[in-house]
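Just so you know, these numbers use all the heavy atoms, side chains as well, and skip hydrogens, waters and symmetry mates. For clarity, every value in this text was computed on a predicted model and none was experimentally measured. Below, chains carry the letters A, B, ... as their sequence lines are ordered, and counting in each starts from 1.
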2 protein chains.
Amino acid sequence: MTEKPPREGKRPTIADVARAAGVAPAIVSRALSPSRRPVSLEKKERVLKAAAELGYHQNPLARGLATKSIDLVAVIINYLSDLSDLDLFDPLLDAIQSLGKQAILIRVGRTKRIDDFLRNSLSYHVHAALVFSDFADAGEVRALFHSDNVLMLNGRFDAESARIRIDEQSGIDELVRHARGRGVGSAVLVTGRVSSLVEEARIAAYRSACAAAGVRLLSEVGGDYSYGSGVKAAAVIAVAMPEAVFCTSDSMAMGVMDGLARAGRRPPADYLLYGFDAVDKGNFAAYDISSVGFDRSALVAGILAYLGAPEEFPAAGLDIPTRFIARGTG
Amino acid sequence: MTEKPPREGKRPTIADVARAAGVAPAIVSRALSPSRRPVSLEKKERVLKAAAELGYHQNPLARGLATKSIDLVAVIINYLSDLSDLDLFDPLLDAIQSLGKQAILIRVGRTKRIDDFLRNSLSYHVHAALVFSDFADAGEVRALFHSDNVLMLNGRFDAESARIRIDEQSGIDELVRHARGRGVGSAVLVTGRVSSLVEEARIAAYRSACAAAGVRLLSEVGGDYSYGSGVKAAAVIAVAMPEAVFCTSDSMAMGVMDGLARAGRRPPADYLLYGFDAVDKGNFAAYDISSVGFDRSALVAGILAYLGAPEEFPAAGLDIPTRFIARGTG
DNA sequence: CTGAAAGCGCTAACAC
DNA sequence: GTGTTAGCGCTTTCAG
């Protein structure tokens, strides 16, 4: 790292490199461009040498202003709080960076005013936006971003938007059939934040799967995806013990398990327990919870494909299938 | 949202607003600036009205180029994988955004070439960088960033760098004394990635605490902070069962607990088990692990103070004390 | 208080 | 293949 700006205190610019290499600034721009642009080999080498000696680094602000594009991907989430987030976002960050882009993580929390986060922010100019948060539909997001490269992963897509959908119905059907096969006639469903479209669809999937399999849904208990809310739900469930408990997150299932253990009820002996997400990072021996999962690397690969060539992404979107994953509790 | 750019397909610029309001571009710039700059109230109102009608949004790239600053905070981490990361980064993101800034998350993984991620990237021009990853020391990071606002949170600081240090020794001393008080004479230490400076210091703290308290450290078993590595470590530990097991992460402690349970050994009856981090999100009933923790909101508050006014940050850095948190296993 | 003009550092278009 | 020129959209002197 031979840092040696020509003018003290200022970083070298393309003009400095041009001067040092004895060429025009435009030549430097071309020589340093990743795509092959017309420059003689000899000059290119001179430029590269001069740039290295000066410790030159391109100013992405200036480039972004000139090209109207920037290698930044906005990742819009509600929270970073669930165990399953670790499984997903760590490899996702890696994937984004492998493309030479960087991720700007926007956590909208429970506000509905997503544009407050974007007003005058860089986010307007990102290469692409990955929308996991359900607090925005496709139209809103498109209006918010300068970029049209918006990938909806929250279920709130429309005909114009690129999307990846996790097909939860398939895995849920399988799960409920499995429970039925083990003699379950009635069950309780513990839900997450019901205002979410994804959660709404998930709940509907459980209802239809239960109806189809002949499992009676005794009640639905509201939670917030968290372990603590599962523990709370257990208090309600314990009153009229069902044969099975379906939870729309693994964390809640863990909570239910511990909550019901206080009442001396343990799966799978006393009831069958099912989670959702099939998290790796939370697959502890003490909570060996049967669940519904999908291939996360397939999701990341899909996102990667989108980021690499948004225009070639299938117009119909991508569907990632889910499947039932049998573990110890059901 | 009254979007109505004057020229089709292009976002309105400051010039468009100026034209609509019948003033000069400079006036618009001043009127829209957050800091109070000389503009007559009447024109300011005209500008604000015109901007709203046109759906004008400032272009941060252009502003950044002109002002050489941008409201972006780089957060540099190794991985996003531990349970404790959820406890920290969710509130941290919230805090950064509350300042009107956005976070760009840089995951360096196990590469040592951190600058590969930064080369020609926006990161060079961030308002500040928060360095959690230990793959860079203070000097390297300062050289990498255009900004001098680098906050070291990885222990690798020098006299010039702002820093927040988690004082782990205090909590570890307390923990070991606690174990000694319960009759522990010998113990095994399960460590994380030892190439990390923080981990190195943590290990040293355990050694000195054990020496001081009169606890014999039988051996040190290498892990990688993860649950799985804890399970593996248990196989080694089971051979010569110690009176206590100290782990440098809660996740590993959970793994050790499950691994030793296979051999029929359970804490606290058969041995005492201690973790590190005192994660909230992973504080499950089945893993009620005694641990060392610190006030995460104090850390976030410290970071917030730094971001708000880096130059006023105490030159001596900030120390966050840790304390022993007694739970069920020790 | 106002506005013209000069950049910030880079790329794209156009001549040569 | 090369160099010149003209912006990208904004802020900031600096006269008025």
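Between B:V39 and A:I14, it is B:V39 whose nearest contact on DNA chain C lies nearer the 5' terminus. The residue among A:G22 and B:S29 whose nearest nucleotide of DNA chain D is located toward the 5' end is A:G22.
Atom P of nucleotide C:dC10 and atom CG of B:L61 are separated by 13 Å, given to the nearest angstrom. Separating the CG atom of B:L65 from the P atom of D:dC10 is a distance of 12 Å, rounded to the nearest angstrom. Between A:E42 atom CD and D:dT2 atom C1' the separation is 12 Å, expressed in whole Å. When rounded to the nearest whole Å, the span between CD1 of B:I70 and C1' of C:dG9 equals 14 Å. One interatomic measurement links the two molecules: CD1 of B:I27 to C1' of C:dA4, which rounds to 12 Å at whole-angstrom precision. The distance between atom CD of B:Q58 and atom C1' of D:dG9, rounded to the nearest whole Å, is 10 Å. Between the CZ atom of B:R63 and the P atom of D:dG9 there is a distance of 15 Å, given to the nearest Å. The interatomic distance linking B:N59 (CG) with D:dG7 (P) rounds to 18 Å, in whole Å.
Residues A:L197 and A:E200 are in side-chain contact: their nearest non-hydrogen atoms beyond the backbone lie under 4.5 Å apart.
Residue B:K43 has a polar side-chain atom (N or O) positioned under 4.0 Å from OP1 or OP2 of C:dT2. Residue A:R37 has no polar side-chain atom (N or O) positioned under 4.0 Å from OP1 or OP2 of C:dT11. The shortest distance between the side-chain N/O atoms of A:T67 and the OP1/OP2 oxygens of C:dA12 is not below 4.0 Å. The side chain of A:K68 contributes no N or O atom lying less than 4.0 Å from OP1 or OP2 of C:dT11.
You'll find that the side chain of B:S40 is closest to C:dC1, out of C:dG3, C:dC1, C:dT11. You'll find that the side chain of A:A24 is closest to D:dT4, out of D:dT4, C:dG3, D:dT11.
B:F89 and B:F132 have their aromatic ring centers within a separation under 6.0 angstrom.
Exactly one residue among B:N149, B:L307, B:I164 makes a side-chain contact (heavy atoms from CB on, under 4.5 Å) with B:F313. That residue is B:I164. Results of the side-chain contact (heavy atoms from CB on, under 4.5 Å) test with B:D134 over B:I77, B:V198, B:N78 single out B:N78 as the only residue that passes.
Remark: the A:R30 side chain and the D:dG3 base include a donor-acceptor N/O pair separated by less than 3.5 Å.
Side-chain atoms of A:R163 come within 3.5 Å of backbone N or O of A:S161 as a donor-acceptor pair.
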